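Keep in mind the model is a prediction, meaning the values are calculated, not measured. In what follows, every chain begins at residue 1, and chains take the letters A, B, ... in the order their sequences are listed.
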Amino acid sequence: MEKLEIVRRFPRKRDQLLAILHELQRANPRNYLTGEDLRLVAEYLDLPLSAVHDAVTFYSMFSLVPRGKHIIRLCDSPPCHLAGAWSLLSALKEELGIDVGQTTEDGLFTLELTSCLGVCGVAPAMMIDDEVYGNLTPERLKEILARYREEG
Amino acid sequence: MRRLEVLVCSGTACLSSGSEAVKRALLEAISAHGIADEVRIVETGCMGPCELGPVMLVYPEGTFYVKVKPEDAEEIVVEHFLKGRPVQRLLWAEGAPAPREIPFFARQKKVVLANCGIIDPEEIEEYIAAGGYAALGKALTEMSPDEVIEEIKRSGLRGRGGAGFPTGVKWELVRKAPGSEKYVICNADEGDPGAFMDRAILEGDPHAVLEGMAIAAYAVGAKRGYIYVRAEYPLAIQRLKRAISQAREYGLLGDDIFESGFSFDVELRMGAGAFVCGEETALIASIEGRRGEPRPRPPYPAQSGLWGKPTLINNVETFANVRHIILKGADWFSSLGTQTSKGTKVFALAGQVRNTGLVEVPMGITLRELIFEVGGGVPKGQKFKAVQIGGPSGGCLPEELLDVPVDYESLREHGAIMGSGGVIVLDDSACMVNVAKFFLQFTADESCGKCTPCRVGTQMMLEILNRITEGEGTEEDLARLEELAQLVKSASLCGLGQTAPNPVLSTLRYFRDEYLAHIRDKACPAGVCPALIHYEIDPELCRGCDACRRACPTGAIQGTPGKPPYTLDQSRCIRCGACLAACPFGAIARLPGRKE
């Protein structure tokens with residue numbers, strides 16, 4: 001089984017917990033952790049299931065519900081805020097037809113907010129998966145989203 | 001023959017502006033013109049002026065190009081690389097001055113960032129060629145651990161993560177702590193809004209951090225180290241992974257380094273989106289695979305840290321300073337800076353400042369020099385109002401305090417902190433109550449919830465601030481806010497709560513008038529808080545073009561096309577500003593105060 005293979009790449013030590021969870025979530029096309037994932041990790045690291053659940057729910061990057069193929073994280077820190085992140089948020093909501101925390105009907109995008117991405121020099125900024133986009137304007141936003149839509 | 005070195009910035013900010021495409025276009029153009037072996041293109045870490053990205057630097061003359069696009073590559077290659085005529089329209093400054101003659105660079109003193117933007121961070125040979133790992137060699141072969149600690153202590157280096165604890169003293173505590181199993185941790189969980197110095201160091205010079213950690217491990221007697229990086233920094237993670245594996249290959253990490261008998265290895269750990277993990281005890285819990293919640297100190301990590309063992313935990317920039325101190329000596333290091341704050345500090349300039357980006361200056365420089373000389377001041381047509389320094393744990397300082405020197409003590413005395421070095425410049429379009437609310441919203445969101453003063457206290461403070469910005473505040477609220485702030489500061493478990501009230505307290509101290517305007521006059525002087533502003537149409541300037549009426553979502557604007565002036569019904573206006581944005585004649589004004 002594929003998931004077991006992912007888990008087995010890691011040493012059976014508790015300090016690997018976050019790394020394993022990251023990998024399992026990444027391997028899921030819907031970008032989330034299933035109950036089965038949590039049980040698998042708990043068994044592998046010999047931890048109570050509650051300990052794994054406890055950790056998963058603490059960190060904002062882990063999700064227990066299905067998300068889109070691409071996660072959009074708009075930075076809502078002060079430098080981005082001052083540079084107009086809020087008008088971008090409305091543009092994003094409108095363009096995607098969803099609110100923060102929701103996923104588009106086609107399952108392509110989930111919209112989230114993030115704390116500082118550390119690219120304040122090119123504020124306002126967002127991340128789509130591991131890619132950072134800066135100097136955003138509503139027009140540039142549309143171009144970027146169109147590219148992801150094209151690639152599917 | 002190689003005659004030109006082209007350094008293309010590949011930090012996250014420049015990459016987001018398209019530096020990768022610029023590099024590819026340059027590579028294509030130099031091969032098309034048959035000069036591929038004369039020009040070497042190097043991808044480097046952050047050069048500093050992020051806003052002007054993608055930036056690139058051409059050596060030997062040191063021509064600094066800004067906002068380069070892939071389409072410019074052909075012209076740069078033909079005009080500059082072949083004919084020797086720099087492309088004027090892409091230069092940062094007229095006459096192609098060397099970088100040190102550009103004001104942005106002239107006042108800087110690059111120690112930690114010396115390699116950043118100069119070497120290729122993905123090639124260990126470049127780091128070694130620039131003197132890398134010589135300090136580790138010196139420490140391991142010529143110095144005893146106690147001598148290393150003595151050198152760091154004498155240098156006066158203090159923690160760059162925020163609190164400013166003397167680094168050498170911390171090392172000594174870990175060395176003297178009983179136990180044979182010890183750990184070294186690099187805190188790379190940079191999370192302060194507006195701070196990105198650690199990201200730039202990790203992306204631009206990752207080996208400097210590894211070398212600093214190895215020297216520290218030798219000094220305190222540790223064999224294993226961890227770097228805890230936030231997951232929001234994928235490029236830093238990628239470059240660190242590569243650096244670690246290269247250092248292992250070269251025998252600079254692993255067993256018996258430099259045949260000294262000293263062994264040390266480093267593992268990378270990734271966060272998962274929790275600001276509080278930047279707090280050292282929370283970070284340790286997170287590495288151990290638990291919820292990243294802080295615990296009371298003492299015991300400090302130096303006594304009982306990772307898995308209960310003595311642990312040295314320092315920040316990225318602190319570790320990056322170490323090799324310079326070992327190589328050039330404590331005397332050299334302590335000759336930089338002030339009486340109590342030695343060396344340099346990297347700052348991230350953001351907000352309403354002309355040159356946003358990363359800068360490194362000697363400690364003791366004044367805020368005015370930092371913001372106006374290095375940063376170039378606020379953009380034209382705007383007026384400086386305040387500087388927010390130290391992130392959500394820091395404070396807002398007004399114009400009168402611009403001559404305060406930037407050192408740990410002076411900033412603290414005035415209600416801000418050095419913090420990790422985030423500097424956000426605010427102009428007169430910023431509402432200070434709103435800024436305070438924004439930072440408090442951040443800490444309230446990021447509070448882990450373990451202790452009540454922080455969890456509940458920040459929420460209660462936030463409710464009061466919300467009331468004030470809604471125009472429902474009273475003057476008693478200010479007293480209550482101050483009382484709560486003192487309570488949260490003194491009773492919270494960790495640094496997050498203990499410093500969370502600082503943005504509120506410093507704005508109350510320096511911008512009380514603005515709070516009072518919100519409370520007494522029901523007016524937001526900066527015109528930011530929607531409940532405390534109104535819009536007016538100037539009948540003289542209105543041409544009756546109908547643009548505002550069409551833009552208005554609530555039908556608050558009435559009028560007939562071609563028959564000015566239009567009128568605005570204040571009772572229906574939701575103060576969204578759509579009319580202001582739509583008016584092509586500047587006939588609509590946003591004014592402080594409510595109007596029924």
Given heavy-atom pairs under 4.5 angstrom as the criterion, report whether the side chain, backbone, both or neither of [X] touches chain A.
X	answer
B:R199	side chain
B:D427	neither
B:V353	neither
B:E288	backbone
B:E446	side chain

Correct closest heavy-atom pair for A:Y59 and B:C277 would be CE2-SG, 3.9 Å

Sort out for me which residue in A:C116, A:P78, A:S115 forms a side chain to side chain contact (heavy atoms under 4.5 Å, CB included) with B:F442.
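Exactly one option meets the side chain to side chain contact (heavy atoms under 4.5 Å, CB included) with B:F442, and it is A:S115.
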
Taking every non-hydrogen pair under 4.5 Å, which of [options] racks up the most with chain A?
options	answer
B:A13, B:S429, B:A350, B:G357	B:A13
B:P49, B:A274, B:S286, B:G53	B:S286
B:A231, B:S17, B:G11	B:A231
B:G273, B:C50, B:A272	B:A272
B:F275, B:Y226, B:Y233	B:Y233
B:A430, B:G292, B:G449	B:G292

Gap between atom [atom2] of [Y] and atom [atom1] of [X] - 0.5 Å precision:
X	Y	atom1	atom2	result
A:D15	B:L306	CG	CG	7.5 Å
A:D54	B:E293	CG	CD	7.5 Å
A:D76	B:D445	CG	CG	8.0 Å

Is there a side-chain contact between A:M127 and B:P234 (heavy atoms, below 4.5 Å)?
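SC-SC contact between A:M127 and B:P234 confirmed.
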
Note, B:L15 side chain near A:E131 side chain (heavy atom, < 4.5 Å)
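No, their side chains stay 4.5 Å or more apart.
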
Determine yes or no for a side-chain-to-main-chain donor-acceptor pair under 3.5 angstrom, with B:R269 supplying the side chain and A:L18 the backbone.
no

From CA spacing to verdict: side-chain contact (heavy atoms from CB on, under 4.5 Å), A:H81, B:I424
CA-CA 11 Å; A:H81 186 71; B:I424 303 173; over 6 Å; no

Run the numbers on B:R230 and A:M61 for side-chain contact (heavy atoms from CB on, under 4.5 Å), then give the verdict.
CA-CA 11 Å; B:R230 65 200 293 248; A:M61 284 194 170; over 6 Å; no

Can you confirm whether A:D46 is buried at CG, in the sense that more than 12 heavy atoms of other residues, nucleotides or ligands lie under 6.0 Å from that atom?
no

Interchain contact, A:N135 with chain B, by part (heavy-atom threshold 4.5 Å)
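A:N135 touches chain B through side-chain heavy atoms alone.
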
